[in-house]
Engineer: 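Handing you a structure now.
Since the model is a prediction, treat every value here as computed from it, not as a measurement. In what follows, chains carry the letters A, B, and so on, assigned in the order in which the sequence lines appear, proteins first and then strands, with residues in each chain numbered from 1.
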Amino acid sequence: MRLHLVIAVLSLVLGFNAIAVFAKEAQPLAADPQLEKRVNDIAKELRCLVCQNQTIADSHADLAIDLKNQVRDMVGSGKTQKEIVDYMVQRYGDFVRYRPPIKPTTYLLWAGPFILLVVGVVLLISNLRKRKLAIADTPLSADESERLKSLLSADVSTAGKNSGGEVKPS
Amino acid sequence: MSKNIRYLVPLIIFIVVAAFLYRGLSLNPREVPSPFINKPAPDFTLQKLENMGEQFSNKDMLGKVWLLNVWASWCVACRQEHPLLVQMRRRGEIPIYGLNYKDAPSQARQWLKQHGDPYEISVVDFQGNVGIDYGVYGVPETFIIDKRGIIRHKVIGPISTNILNECVMPLVKVLEQEDPQVTPTEYQRVEGCA
């Protein structure tokens with residue numbers, strides 16, 4: 001009777017083990033989807049140092065896989081994202097972060113696009129102003145208004161006739 | 001006056017951009033500056049490759065200037081620097097210790113038998129954990145560590161004769177002169193290492 005119980009328990013344990021091993025072999029990522037999601041979120045913030053334009057989430061380089069495992073271990077042991085990123089920065093420098101930190105050496109990097117935008121807007125406005133000034137109405141001088149009057153009246157009197165403009169050959 | 005300058009603006013912009021791009025060409029993106037320079041070398045205690053029953057720790061080296069060379073039998077670039085390391089050991093100028101990184105110990109021993117062993121001791125970092133602690137991202141890498149256990153320089157990639165003569169040996173000479181009891185206010189640097 002007792003032996004049966006032992007065997008039952010043993011087979012249960014071994015059975016579970018077998019399942020666990022199998023599950024791990026088949027798809028280790030699905031072991032805990034929530035944990036895996038957190039691992040992935042953090043891995044997306046970290047640059048793979050071997051293939052430099054990829055995050056360690058995207059990369060299949062050996063180092064990226066090692067670092068992802070490291071992240072997984074650390075998430076598993078309850079470390080926060082900040083702690084994990086700090087750990088990586090301590091070892092690989094700021095370069096490992098996909099989002100560079102805001103500090104004196106990176107002020108220009110962060111502010112650069114906005115500075116360019118402001119410069120562009122200022123240039124645009126000043127150019128528009130200049131152009132507006134260039135095409136502003138200037139009143140006709142006395143001579144000119146005299147000439148305009150005579151041209152207009154001549155135009156009325158010679159209506160229907162050609163006054164020297166271009167003529168379509170008939 | 002202002003009209004004349006206006007025509008120069010595109011030229012000036014071009015020169016500035018060209019200067020930046022030219023500078024960019026001469027930089028090596030693989031050489032990520034190590035945050036460990038002038039910081040204490042991370043502690044490790046690992047099994048010795050030649051005698052797995054014994055352990056070696058970086059703390060055993062306090063008081064000495066030494067090199068920690070990260071290597072592996074699968075690493076092709078390591079073969080490039082290897083003859084130089086063997087030569088250095090023969091001259092006995094500086095002790096070289098090996099960190100056998102993510103390698104099968106049997107293959108590593110075989111490799112040393114075949115190519116010569118430049119290391120006083122090699123230690124086994126089978127999982128690569130110590131490698132991560134040291135921020136290793138490519139093999140070979142060589143750390144120059146001073147008497148107080150501070151990393152003073154890191155050579156990324158194989159050591160060439162040039163790097164050895166211009167950077168490594170001059171720096172080692174400077175470090176040999178230092179008194180381990182005194183904490184320097186400013187770490188001395190060597191021009192060849194810049």
Side-chain angles (χ1 to χ4, degrees), chain A residues 42-43 46-56 59-74 76-77 79 83-98 100-101 103 105-106 108-109 112 115-116 119-120 122-124 126-127 129-131 133-134, chain B residues 2-3 5-6 9-10 12-13 16-17 20 23-24 27-44 68 70-78 99-104 125-141 143 151 153-154 156-157:
Chain A
I42 296 171
L46 297 170
R47 184 190 306 276
C48 168
L49 288 112
V50 185
C51 29
Q52 300 188 338
N53 271 336
Q54 278 186 310
T55 64
I56 64 170
S59 173
H60 293 281
D62 256 11
L63 181 75
I65 292 168
D66 286 353
L67 290 182
K68 224 182 308 181
N69 285 336
Q70 184 75 25
V71 171
R72 189 173 295 123
D73 286 353
M74 291 177 82
S77 64
K79 294 271 199 308
E83 283 173 320
I84 296 171
V85 171
D86 283 350
Y87 172 92
M88 293 296 173
V89 169
Q90 245 175 46
R91 279 155 185 78
Y92 297 101
D94 283 332
F95 187 74
V96 79
R97 300 173 58 162
Y98 240 92
K103 56 185 201 180
T105 50
T106 59
L108 191 64
L109 179 71
I115 293 174
L116 285 180
V119 168
V122 167
L123 281 179
L124 180 70
S126 77
N127 260 341
R129 281 222 179 118
K130 262 187 217 158
R131 199 195 294 180
L133 279 181
Chain B
S2 77
K3 270 241 165 93
I5 286 183
R6 235 157 107 188
V9 167
I12 292 167
I13 292 176
V16 169
V17 170
F20 271 98
R23 171 95 182 103
L27 294 173
N28 181 358
R30 300 238 157 236
E31 280 182 19
V32 181
S34 172
F36 283 109
I37 305 302
N38 298 340
K39 302 250 170 65
D43 286 337
F44 66 83
L68 181 67
V70 184
W71 69 283
S73 67
W74 46 259
C75 153
V76 180
C78 296
L99 181 71
N100 186 226
Y101 179 68
K102 296 188 75 173
D103 203 354
D125 183 21
F126 187 64
Q127 303 271 339
N129 289 334
V130 173
I132 289 182
D133 262 349
Y134 274 75
V136 170
Y137 60 88
V139 191
E141 282 183 16
F143 296 85
I151 295 177
H153 187 66
K154 166 174 151 178
I156 298 161

Engineer: Should we count CG of A:Leu108 as having more than 12 external heavy atoms under 6.0 Å?
Structural biologist: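 At most 12 heavy atoms, drawn from other residues, nucleotides or ligands, come within 6.0 Å of this atom.
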
Engineer: To the nearest 0.5 Å, what is the distance between CE on A:Met88 and CD1 on B:Ile132?
Structural biologist: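 Output value for this atom pair is 6.5 Å.
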
Engineer: In terms of heavy-atom proximity below 4.5 Å to chain B, should A:Leu63 be classed as side chain, backbone, both, or neither?
Structural biologist: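 Just the side chain, heavy atoms under 4.5 Å.
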
Engineer: Which pair of heavy atoms, one from A:Gly93 and one from B:Pro35, lies closest together, and at what distance?
Structural biologist: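 The answer is N-CG, 3.3 Å.
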
Engineer: Per the side chain to side chain contact (heavy atoms under 4.5 Å, CB included) rule, which among B:Phe36, B:Tyr137, B:Tyr134 passes with A:Arg91?
Structural biologist: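 Option passing the side chain to side chain contact (heavy atoms under 4.5 Å, CB included) with A:Arg91: B:Phe36.
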
Engineer: Check this for me: A:Asn53, atom CG, are more than 12 non-hydrogen atoms of other residues, nucleotides or ligands nearer than 6.0 Å?
Structural biologist: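 At most 12 heavy atoms, drawn from other residues, nucleotides or ligands, come within 6.0 Å of this atom.
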
Engineer: Name the region of A:Val89, side chain, backbone, both or neither, that has any atom closer than 4.5 Å to a heavy atom of chain B.
Structural biologist: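 The answer is the backbone of A:Val89.
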
Engineer: For each of B:Gln127, B:Lys39, B:Lys102, tally heavy-atom pairs with chain A at distances under 4.5 Å, and name the one with the top tally.
Structural biologist: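 Going by pairs under 4.5 Å, I would pick B:Lys102.
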
Engineer: Taking only residues two or more places apart in sequence or in another chain, which ones pass salt bridge (Lys or Arg N to Asp or Glu O under 4.0 Å) with A:Asp86?
Structural biologist: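 For A:Asp86, the residues satisfying salt bridge (Lys or Arg N to Asp or Glu O under 4.0 Å) (neighbours in sequence not counted) are A:Lys82.
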
Engineer: Inspect the surroundings of CZ in B:Phe126 and state if more than 12 heavy atoms from other residues, nucleotides or ligands are less than 6.0 Å away.
Structural biologist: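 For B:Phe126, atom CZ is not crowded (no more than 12 foreign heavy atoms under 6.0 Å).
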
Engineer: Please name all residues satisfying side chain to side chain contact (heavy atoms under 4.5 Å, CB included) with B:Ile37, sequence neighbours left out, ordered by chain then number.
Structural biologist: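 B:Ile37 satisfies side chain to side chain contact (heavy atoms under 4.5 Å, CB included) with B:Ser34, B:Ile151, B:Lys154 only.
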
Engineer: Using non-hydrogen atoms only, which part of A:Tyr92 is less than 4.5 Å away from chain B: side chain, backbone, both, or neither?
Structural biologist: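 A:Tyr92 touches chain B through backbone and side-chain heavy atoms alike.
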
